[in-house]
Amino acid sequence: MALSFRTDAYIDGRWRQGARRFQVYNPATQDVIAEVPDLGATETEEAVAAAHAAFPAWAAKPAKERAAIMRAWFDLMIADLDRLGRLISLEGGKPIAEAKGEAAYGAAFVEWFGEEAKRAYGRTIPTTTATRRYVTIKQPIGVCAAITPWNFPMAMITRKAGPALAAGNTIVLKPPHQTPLTALALAELAEKAGVPKGVFNVVTTTDAAAAGKVLCESPLVRKFSFTGSTAIGKKLGAACVGSTVKRISLELGGNAPLLIFADADLDLAVKGAIASKFRNAGQTCVCANRILVEDAVYDAFSQKLADAVSKLKVGPGDQAGVDIGPLIDGKAIEKVERMVAEALAAGATALTGGTKHPAGAQFYTPTVLANVTRDMRVNTEEIFGPVAPLIRFKSEDEAVSIANSTEFGLAAYFFTKDVNRAWRVAERIEAGMVSVNDGIFSNEVIPFGGIKESGLGREGGVEGLEEYMETKFVNFGGFA
Ligand code: SIN
């Protein structure tokens, strides 16, 4: 069945064509899928003004009413899961089953935060003085702005828009130029669900700098959230704070270690390593970037992993049974090729893969690299591709030291059957999220986020709602 989707931007409850348009590509074929408006600073300002005008009425609605609208939005997403999954796959390249998984994951944030809004409790604080009573109340922040990445065209939007709207804020979203169609599909469903005009706005553009400047510097925007690279996040964060002291949430780069201890269940570890490393062809911020393996099981684990990885099926996301889709663009392929070539030249060996894949210009063969050393870029930098570098360690201390030798601190994984070690290592690893004996952990109820240069704040869970609310303290004085 043909896939139908909106191709106009959505500002103040109206579908906007824009004077110029840009092309959206299928990363599997490089074919043009659609053209969408290439808006600029003026339209971004209009969207901010619309969100500002819509804020008082949306904020004044009881949480139960906002939750009912969000429930309708969620129900429409679930009813439309097939189309949303196909759209995510078409513009983002994910295998269709994985893309539908993302659609369900994305919808869950809208359900969870709509429900959680009803429990946005303040506190009563025992007084210090007989004549006073103290309370705190939770209030929305105001207009929120979000800049989202292409690797999760839907879930990274709802993980920000869900808590923003639930708490009574309005939002202006700038989706990535690679995957704007899923964002517009969400706007279409929001409109159908009865989200009032101006509450959810989508500005499509290739001019990220112009839109970003408005979103970071406008005094009408009070909260800014970004998911993307650490380098850009630092600049945007500085602009937000330096201009108008906005609240900020930053979900930035990672360099997740995955540790295999000698006492691990090796089959479970292979399953976990594949789930983590090869999710979205290695293009997630929480993908295991490097795999550290204890000396005693290095050879056995490497062989098992290489065997399993060599069986992964590569191809366009809409082809049956595909595990690994294309990388997002030519630059991504070039980066992976360069990093692997450098590692091989420096003494690493490819147990499987190590080259581009014949499925097309943007496909890379799932790769396992042995004999990787700590100085190689595949250990020190985020690969963002289907390449698993294996590094040998001899002790728990050494493993933790290698794992922590990075400026990043987003996710970390390890496999062990020793419960004492599990606690010890979970506490010692410098990461915002640690997963023991499991390669996948993301969902709507957990606080997702990093420490060190991987970001500020948490998305998802009760912590995710806090990011979109102010805590106001109120003193009642004058008691006799
Ligand atoms: C990301 O790559 O930024 C998000 C990954 C996830 O939500 O699991």
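In this chain, numbering begins with 1 at the start of the sequence shown. Each ligand, and each atom within it, is numbered from 1 in the order the structure gives.
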Plane angle bin for His357 and Phe363 - parallel if under 30°, tilted between 30 and 60°, otherwise perpendicular: tilted
Nearest-0.5 Å distance, CZ of residue Phe414 to CG of residue Asn437: 7.5 Å
Are there any N/O pairs under 3.5 Å between ligand 1 and the protein, and if so, what are their distances?
from	atom 1	to	atom 2	distance (Å)
ligand 1	2 (O)	Asn151	ND2	3.2
ligand 1	2 (O)	Cys285	N	2.7
ligand 1	7 (O)	Tyr105	OH	2.6
ligand 1	7 (O)	Arg159	NH1	3.0
ligand 1	8 (O)	Arg279	NH1	2.9
ligand 1	8 (O)	Arg279	NH2	3.0
ligand 1	8 (O)	Ser442	OG	2.5

Sole candidate of Ile429, Val293, Ile291 that passes side chain to side chain contact (heavy atoms under 4.5 Å, CB included) when paired with Leu259: Ile429
Other residues, nucleotides, ligands: >12 heavy atoms within 6.0 Å of Lys356 NZ: yes
With sequence neighbours excluded, residues passing side-chain hydrogen bond (donor to acceptor under 3.5 Å, both in side chains) with Asp82: Lys100
Aromatic plane relationship, Trp150 with Phe384 - under 30° parallel, 30 to 60° tilted, over 60° perpendicular: perpendicular
